[in-house]
S.K.: 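Following this message is one structure expressed as structure tokens.
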Amino acid sequence: MSPISFSLYFLKRSTLFICMMSFVSMTAFAHGDNSHDETAEDNSQIVLKDGYARATFPMAKTAAMYFTLHNMSENEVRFVSVSVDEEVADEAQIHTTEMQGDVMRMRHVDKGVSVAANGHIAFAPGGYHIMLMGLKNGLQAGSEVKLTLSFDSLEDLHVVLPVKEENKGMQHHGHH
């Protein structure tokens, strides 16, 4: 194996390892604080837990948000869209992260995400997440972000989630 081939092989494997460690570390971080568990008063069939937005630098134009959705009903529910306060960002979208060959890619999930009856689904680094796009200002740790989650067969869920710093030593991977 030539030195260049070895370097490319090592770089690909190192990037995959860093992404996987980011997912494991941020998932543990995301489940550490229940102070902002949210349930809409008129929508107790859906519960959002462990939600937060990742703090950004001041001029950032995108940000990621994470949480776990719990479906407390006897029927499957489809989370179809999300919106954000226009003072925070131009739009919010459901995204997922997929491995395509040796490259992690983000993509918009335009048909929504199903949450099984009495089940849950995690929106975490390395998988489903919410992308805020067209940020008006960066997200500062200690502030909050208002979201509205829309479902196919339930009332909207309105939540306010905290903005948190990344764990020390974490590397932010690009979103687009």
Side-chain angles (χ1 to χ4, degrees), residues 19-56 62-99 104-135 139-167 170 173 175:
C19 290
M20 293 305 294
M21 292 307 295
S22 295
F23 175 73
V24 170
S25 297
M26 287 304 293
T27 299
F29 176 67
H31 294 286
D33 181 0
N34 294 329
S35 63
H36 279 78
D37 289 356
E38 296 289 340
T39 305
E41 292 175 18
D42 59 343
N43 192 8
S44 61
Q45 294 177 337
I46 290 289
V47 177
L48 185 150
K49 291 189 175 188
D50 304 321
Y52 72 99
R54 187 183 282 173
T56 67
T62 62
M65 298 188 76
Y66 309 107
F67 50 80
T68 301
L69 278 180
H70 295 266
N71 179 0
M72 311 303 276
S73 76
E74 299 296 324
N75 300 307
E76 179 179 284
V77 173
R78 181 167 286 279
F79 170 34
V80 294
S81 65
V82 60
S83 59
V84 63
D85 186 322
E86 64 186 27
E87 293 178 13
V88 174
D90 291 335
E91 67 178 313
Q93 294 181 349
I94 303 169
H95 277 213
T96 190
T97 306
E98 299 174 334
M99 283 298 290
M104 289 188 85
R105 299 215 187 260
M106 310 295 165
R107 96 175 153 77
H108 177 220
V109 179
D110 56 359
K111 294 183 180 172
V113 177
S114 291
V115 186
N118 295 306
H120 68 276
I121 189 162
F123 282 67
Y128 289 115
H129 56 279
I130 301 301
M131 282 302 300
L132 301 181
M133 299 185 313
L135 286 176
L139 298 182
Q140 186 175 29
S143 63
E144 295 179 326
V145 177
K146 296 176 187 176
L147 288 180
T148 300
L149 285 64
S150 298
F151 301 88
D152 63 348
S153 58
L154 298 174
E155 294 294 317
D156 288 351
L157 178 65
H158 303 281
V159 296
V160 179
L161 301 179
V163 176
K164 297 181 179 181
E165 289 288 342
E166 289 187 80
N167 286 344
M170 294 286 302
H173 57 276
H175 292 281

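For the single chain, residues carry numbers from 1 onward in sequence order.
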S.K.: Decide yes or no for N118 and E74: does some side-chain heavy atom of the first lie under 4.5 Å from some side-chain heavy atom of the second?
M.R.: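 Yes, at least one pair of side-chain atoms sits under 4.5 Å.
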
S.K.: For A53 versus V145, what's the shortest heavy-atom pair and its separation?
M.R.: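 Smallest heavy-atom distance, with atoms named: CB-CG2, 4.4 Å.
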
S.K.: Measuring from atom OG of S83 to atom NZ of K146, what distance do you get when rounded to the nearest 0.5 angstrom?
M.R.: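 S83 atom OG to K146 atom NZ measures 12.0 Å (nearest 0.5 Å).
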
S.K.: As an exercise, state the distance from NE2 of H70 to CG of D50, rounded to the nearest 0.5 Å.
M.R.: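 H70 atom NE2 to D50 atom CG measures 6.5 Å (nearest 0.5 Å).
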
S.K.: H95 versus H129: any side-chain heavy-atom pair under 4.5 Å?
M.R.: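 They are in side-chain contact.
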
S.K.: Please report the closest heavy-atom contact between F151 and D156, naming both atoms and the distance.
M.R.: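 Nearest pair, atom of F151 first, then D156: N-OD1, 4.4 Å.
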
S.K.: Taking all atoms of both residues into account, what is the closest heavy-atom pair of H108 and I94, and its distance?
M.R.: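 Minimum heavy-atom contact is CD2-O, 3.3 Å.
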
S.K.: Identify the two heavy atoms, one from T62 and one from T56, that lie closest to each other, and give their separation to 0.1 Å.
M.R.: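 Of all heavy-atom pairs spanning T62 and T56, the closest is O-CG2, 3.7 Å.
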
S.K.: List the atom of T97, the atom of M104, and the distance in Å for their closest heavy-atom pair.
M.R.: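 That closest heavy-atom pairing would be CG2-CE, 3.2 Å.
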
S.K.: With a 4.5 Å limit on heavy-atom distance, are the side chains of M72 and V47 in contact?
M.R.: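 Side chain of M72 against side chain of V47, heavy atoms only: contact under 4.5 Å found.
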
S.K.: Side-chain contact, heavy-atom cut-off 4.5 Å: L147 with M65?
M.R.: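 Heavy-atom side-chain distance check passes, below 4.5 Å.
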
S.K.: Taking atom CD as the centre, does E91 end up with more than 12 heavy-atom neighbours from other residues, nucleotides or ligands that are less than 6.0 angstrom away?
M.R.: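 Above 12, so yes.
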
S.K.: Mark yes or no for whether N71, through its side chain, and A116, through its backbone, hold a donor-acceptor pair below 3.5 Å.
M.R.: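 Such a contact is found between N71 side chain and A116 backbone.
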
S.K.: What's the verdict on side chain to side chain contact (heavy atoms under 4.5 Å, CB included) for L161 and L48, showing C-alpha distance, side-chain angles and the deciding distance?
M.R.: CA-CA 10 Å; L161 301 179; L48 185 150; 3.8 Å; yes

S.K.: Are side-chain heavy atoms of L149 and F67 found at a separation under 4.5 Å?
M.R.: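 A side-chain contact exists here, since the closest heavy-atom pair is under 4.5 Å.
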
S.K.: Do you know the tightest heavy-atom contact between A89 and M133?
M.R.: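 What the structure gives for the nearest pair is CB-O, 3.5 Å.
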
S.K.: Assert yes or no for the condition that the ring centre distance of F79 to Y128 is strictly below 6.0 Å.
M.R.: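 Not under 6.0 Å, so no.
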
S.K.: Any donor and acceptor pair, going by atom type alone, linking the side chain of R54 with main-chain N or O of L139 inside 3.5 Å?
M.R.: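 No, because the side chain of R54 does not come within donor-acceptor range (under 3.5 Å) of the backbone of L139.
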
